[in-house]
Amino acid sequence: MATVQSDIRCAYHIASSTFRSLSPTFRPRRTAAVPCKLLFPSFKLRAFSTCAAVRVPEKPSICTADELHYASVPNSDWRLALWRYRPSPQAPPRNHPLLLLSGVGTNAIGYDLAPGCSFARHMSGQGYDTWILEVRGAGLSLQEPNLKEIEHSAKVKSEKMEAISEIKINGTVNAEEESTKILDDLSKSDTCINGINGKESDFSMVEEEDFIGIATIWDESSVVSELTETFMRLSERLSGFLSEGQSRIMSAKLFDQISKLLVDSQLSERFNEVREKLSYLLETGQTSAIAGQIRDLSQRLVEIIEEGQRSVSPPLFDLQDRFSSTIDDFQKQLDLIVKYDWDFDHYLLEDVPAAMDYIMAISKPKDGKLLAIGHSMGGILLYARLSRCGFEGRDPRLAAIVTLASSLDYTSSKSALKMLLPLADPAQALNVPVVPLGALLSASYPLSSRSPYVLSWLNSLISAEDMMDPEMLKKLVLNNFCTIPAKLILQLTTAFREGGLRDRSNTFYYKDHLHKCHVPVLALAGDQDLICPPVAVEETAKLIPEHLVSYKCFGEPGGPHYAHYDLVGGRLAAEQVYPCIIDFISMHDAV
């Protein structure tokens, strides 16, 4: 367990040091751009309804579905990708479309790894009009206010996705090189951070007489403007994205970072005076009156840095550049907080309903309902929808649901996800606003699949031994995972507290109202699932009225065994799991 925790800390540090690269303004300093071929050919868009949704007639090659659709989220710029698999004409006709929901930080590829390993294709072969939803931030979903710009945005998205798949195409050697590069960047980043924190500085110190000849490019007015903008954003609390307490935390973090650049006690004293006045202004909130005062104080702060560059004996080399870098990095962190500002309830209350509306508008089921299957967080979303609708007395518009390795309460289990609990600290979530799960797994894959197997424990979290073809496991790890907002993780970690998963206000407990549902449920578990152990799945299933729920755990004492993903893509899933699912939903497909 100590080794696992050490690996988790390493991955956590990678996340904190690499989140800056997710900013659209990030400029690589040492590495060349990764060459990427465009997966998206030129295509035109045809609207099904007025600015509500579109279908891509010439779908990109990365999308292996029959069709790619985009559904709009009301009062939002998000366009959710929907992969559609048309029902086989040879299969019996079905009455309801089928919606598939994926796990946290994953895209549609997990349901469609290859022609011989595709749950989505298998279900369409059974006659179901099958749709995979990619929620906001996942896969090909886009944040694009102008539908006419979807083509360009999709091409940019495809470049990023193919950059990861290049590792798969070019083989293990490139994967190892990518892993080494990221870990090397981490070590360099840690050295830099340690220097700034005053723990161990590698910054050069030069004699005063030598410093006179050093030319420094310093655009004072530009730095003052950038610093003023940063403080104004904090004063406005990022236009409502931050609470008062969160804004105070972020302000203190910025001030601490700047103070560590000033090693001279006299300068530190002057800085603290400016800090105290700025802190007071930031807590009062932005008005036209304080805007000028904030700029004046920003000017004074820049002058302190300039004096530190000139007058400290011996002078601290490159102080101005490091001050500018500190402000730039902090701005990027604020940008990430705004860009990745969603949680579980956004999926539940906005994304899933938007997708359901769109699918039913296309498929037109007679009773206005659909069938749904959710893996991991996808199943949690279905449970939460049943609970919320039961509490409000609304029809969830679901004919039946199947959950795969899902639970609303993990407190009674030994889930490996408890390692995410350190992120439950709101302050920590601000320090690391996103977790680049896809990049982390791509970097760690060689360390889990090749000697000396230092991260081999990661594979057991995904699939049990010998349950997935190595090439399918490789594709899953390198192509199926996305970046996760810390706000999403923060809400999901409530599932490990007494009472189970809660809404964002921490007042609504989803498990408390699951007994009010009237929808048939099939809950499936895997015997060696370390993420959602069988006991967690069964505990949630017991909350549903007995006549509506069926529970089954796959795996035998002597094998085969099922881990978290094996219920969807394990080598025996089509033989053992899929028939169980088909029998259940077919029984409830009748209108």
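Because the structure is a prediction, the values reported are computed rather than measured.
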Open item on the list: If the test is side chain to side chain contact (heavy atoms under 4.5 Å, CB included), which one of Met123, His96, Arg94 qualifies with Ile585?
Closed with: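 So, applying the side chain to side chain contact (heavy atoms under 4.5 Å, CB included) to Ile585 and each of Met123, His96, Arg94, only Met123 qualifies.
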So that I can tick it off, tell me whether [Y] and [X] are bridged by a salt bridge, with the cut-off set at under 4.0 angstrom between side-chain N and carboxylate O.
| X | Y | value |
| --- | --- | --- |
| Asp66 | Arg84 | no |
| Asp129 | Arg86 | no |
| Asp343 | Arg504 | yes |
| Arg397 | Asp367 | no |
| Arg502 | Asp345 | no |

Open item on the list: ring pair (Phe, Tyr, Trp, His ring centres under 6.0 Å), that's the test. Do Trp131 and His69 meet it? Break it down for me.
Closed with: CA-CA 10 Å; Trp131 303 72; His69 295 246; 5.0 Å; yes
Looking at [X] and [Y], what are the two nearest heavy atoms and their distance?
| X | Y | answer |
| --- | --- | --- |
| Tyr383 | Val521 | CE2-CG1, 4.0 Å |
| Cys580 | Leu524 | SG-CD2, 4.3 Å |
| Ile484 | Ile489 | CG2-CG1, 3.6 Å |
| Asn107 | Glu134 | CB-OE2, 3.1 Å |

Backbone N or O of [Y] within a donor-acceptor pair of the [X] side chain at under 3.5 Å?
| X | Y | result |
| --- | --- | --- |
| Ser141 | Gly137 | no |
| Asp351 | Ala355 | no |
| Ser363 | Met360 | no |
| Thr130 | Leu98 | no |

- [ ] For residues 533-546, pull every pair meeting side chain to side chain donor-acceptor pair (under 3.5 Å), keeping only residues two or more places apart or in separate chains.
- [x] Ser407-Thr540
Open item on the list: In terms of relative ring orientation, are Trp342 and Tyr347 parallel, tilted or perpendicular, with 30° and 60° separating the classes?
Closed with: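 Correct class here is tilted.
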- [ ] Quick one: sort the Tyr510 and Phe508 rings into parallel, tilted or perpendicular, breaks at 30° and 60°.
- [x] perpendicular
Open item on the list: Any heavy-atom pair between the side chains of Ile373 and Phe584 that's under 4.5 Å?
Closed with: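 Of all side-chain heavy-atom pairs linking Ile373 with Phe584, none is under 4.5 Å.
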Could you pull out all donor-acceptor pairs under 3.5 Å where a side-chain atom in residues 561-570 meets a protein atom, sequence neighbours excluded?
{"from": "His561", "atom 1": "ND1", "to": "Asp527", "atom 2": "OD2", "distance (Å)": "2.6"}
{"from": "His561", "atom 1": "ND1", "to": "Gln528", "atom 2": "NE2", "distance (Å)": "3.4"}
{"from": "His561", "atom 1": "ND1", "to": "Glu556", "atom 2": "O", "distance (Å)": "3.3"}
{"from": "Tyr562", "atom 1": "OH", "to": "Gln576", "atom 2": "OE1", "distance (Å)": "2.6"}
{"from": "His564", "atom 1": "ND1", "to": "Asp529", "atom 2": "OD1", "distance (Å)": "3.2"}
{"from": "His564", "atom 1": "ND1", "to": "Asp529", "atom 2": "OD2", "distance (Å)": "2.9"}
{"from": "His564", "atom 1": "NE2", "to": "Ser376", "atom 2": "OG", "distance (Å)": "3.0"}
{"from": "Tyr565", "atom 1": "OH", "to": "Gly110", "atom 2": "O", "distance (Å)": "2.1"}
{"from": "Asp566", "atom 1": "OD1", "to": "Ser463", "atom 2": "OG", "distance (Å)": "2.6"}
{"from": "Asp566", "atom 1": "OD2", "to": "Ala464", "atom 2": "N", "distance (Å)": "2.8"}
{"from": "Asp566", "atom 1": "OD2", "to": "Ala563", "atom 2": "N", "distance (Å)": "2.7"}

Task: Contacts of type salt bridge (charged side-chain N to carboxylate O under 4.0 Å, His left out), residue Asp112, not counting sequence neighbours - done: none
